[in-house]
2 protein chains.
Amino acid sequence: MNKPLRVAVIGAGAIGGYYGCMLARAGHDVHFVARSDLEYVREHGYEIRSTNETFQIKPAQVYSNPHKIGVVDLVIVALKATANSHYKELITPLVETKTLVLIMQNGMGNVETMAEHIPAVQILGGLCFVCINRVSPGVIENYLSGRVYIGEFMGSYRQRTIDLVTTFEEAGIECYFSKSLDATLWKKLCWNIPFNGLTIAAGGVTTQEIINDDSFRKLARLLMEEVRAAATAYGHSITDDFLEQQFTVTEGMADYKPSSLIDYLAGRDVEIEAIFGEPLRRGTEKGINMPHLESLYLLLKGLVASRQQA
Amino acid sequence: MNKPLRVAVIGAGAIGGYYGCMLARAGHDVHFVARSDLEYVREHGYEIRSTNETFQIKPAQVYSNPHKIGVVDLVIVALKATANSHYKELITPLVETKTLVLIMQNGMGNVETMAEHIPAVQILGGLCFVCINRVSPGVIENYLSGRVYIGEFMGSYRQRTIDLVTTFEEAGIECYFSKSLDATLWKKLCWNIPFNGLTIAAGGVTTQEIINDDSFRKLARLLMEEVRAAATAYGHSITDDFLEQQFTVTEGMADYKPSSLIDYLAGRDVEIEAIFGEPLRRGTEKGINMPHLESLYLLLKGLVASRQQA
């Protein structure tokens, strides 16, 4: 393998915990900054449950803030996008000119926001097409053999991009190189927008209930078509087959609850702007009409706001 | 007053019970066909609670089916639109050539369906802009001094239309003549579609929560604008002031739950097609794009379907 990396994982929930532990098991020196599970993980470590194996990282190197970690080779940012206002305090202590910052967050606008704090050239994006949930403190389940696409925020790929993809692959993560993060992100939103959105709007149901009901399924497809229209306006083509495949893939997920639904049901912040608001604004900027997304966005915003009052 | 009428009320829930009792109190000979509240009302009669008075109709002439009533001067049809497949068996025993049939139901398509069973010339529509709920068996509350618009299904008005409006007025009901039922119905839908729909989609909230939240309110307005566009395509103009007035009126309703929401929460049939599906189809037929309504319609259909499975 390439030489072991010093890695810091910021936001050690489902995604951060999972990929951090996969890299730790592969021999990298991984440090986690966690908030809610800090005490538990400090004592018990992490447990990762996949479809075909279970392993533990114990003890896990876990911290309440990044200052004790110091500069690293790779920062994995897996915060919820609603916490992006903390980027500066969380990321800058870990970064010098050779540090790569890999954003593995949901939705649009994260890499751009990060570029306000650290040089754009150090930023990469990692887009996860997976079903990973934190099922209890320190315990993370991966329900579906998924994949990660890694690409550069600025310019075309270089050797380091390939090296990072290789590092992930060698750690047992199915990983691909994305030559356009933007194209890959619009594709990911073809799933996130209908399924993260409708499972909440439909009153807290699983993805299975969305694809099993004709009306929900039709609405999901209409939403995908608006996302595709916006993607096309930005120069990224998405095929009919790809849209249909989103339903096929979802059938394999059985009773999956997307992260947004879990957050919503638990009364936590929901990534409304990153997943729904920002794509709507970007599509609208290009003159694309996205009324089904607008309906969903306004409904979700209202649902979250009225839940917080309750 | 005009001579007392023999009246049959079909579907003696909130609307049928209220207007039937108002006519009974004014001296008309009113017979109710009730289903769920039959036994209770037979024993205890009806109680009507309005903002400024409470009265009882006891004993009430209440029946399980129309056959014992025989032919009447006026049939008031206040069934839920989801029960329209029972029109024939419920209405025809009451009707001869001089009988007027006044449809006081929610949504679109009721008068047309009735015209499959009795001569179109005998049909009138009565559109209620009110907040009336059945709060317990036989007990009906009227929260808002509302109004009824009565118009002919076919052709222009005639003396009988004026007589019927007068009959309602003399019974203490604020009642107006509508020279176009279709125009009045589209206007009524400017309220029903956003408020009946969003109170369900928003997870079972009151109208107050819709108008107090910026996102819900914006979505309500977008829905109203689509309804207006469809109305305009059918030759009925609706002003900005009228749309804004829907919010003002709703503020006066305080914590009101529309009938559709009450039905939904109680696990009963919801008038999805009459209130949402039929206006969507009629707008679409005229080439009007109604994507916000389409989103709401599909979401509600899915919500009702998945509720029935639960």
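Naming: A, B, ... by sequence-line order, numbering from 1 per chain.
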Expected list for residues 195-204 of chain A: side-chain donor-acceptor pairs under 3.5 angstrom, two or more places apart:
unit_1	atom_1	unit_2	atom_2	d
Asn196(A)	OD1	Asn192(A)	ND2	3.2
Asn196(A)	ND2	Ser260(A)	OG	2.8
Thr199(A)	OG1	Phe195(A)	O	2.7
Thr199(A)	OG1	Asn196(A)	O	3.3

Enumerate, atom names and distances included, each donor-acceptor pair closer than 3.5 Å involving a side-chain atom of residues 250-259 of chain B, sequence neighbours excluded.
unit_1	atom_1	unit_2	atom_2	d
Thr250(B)	OG1	Trp191(B)	NE1	2.7
Thr250(B)	OG1	Gln246(B)	O	2.4

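Contacts with chain A (heavy atom to heavy atom, under 4.5 Å) involve these residues of residues 214-240 of chain B, listed by number: Ser215(B), Phe216(B), Lys218(B), Leu219(B), Leu222(B). At a heavy-atom separation below 4.5 angstrom, chain B is approached by Asn289(A), Pro291(A), His292(A), Glu294(A), Ser295(A) within residues 279-297 of chain A.
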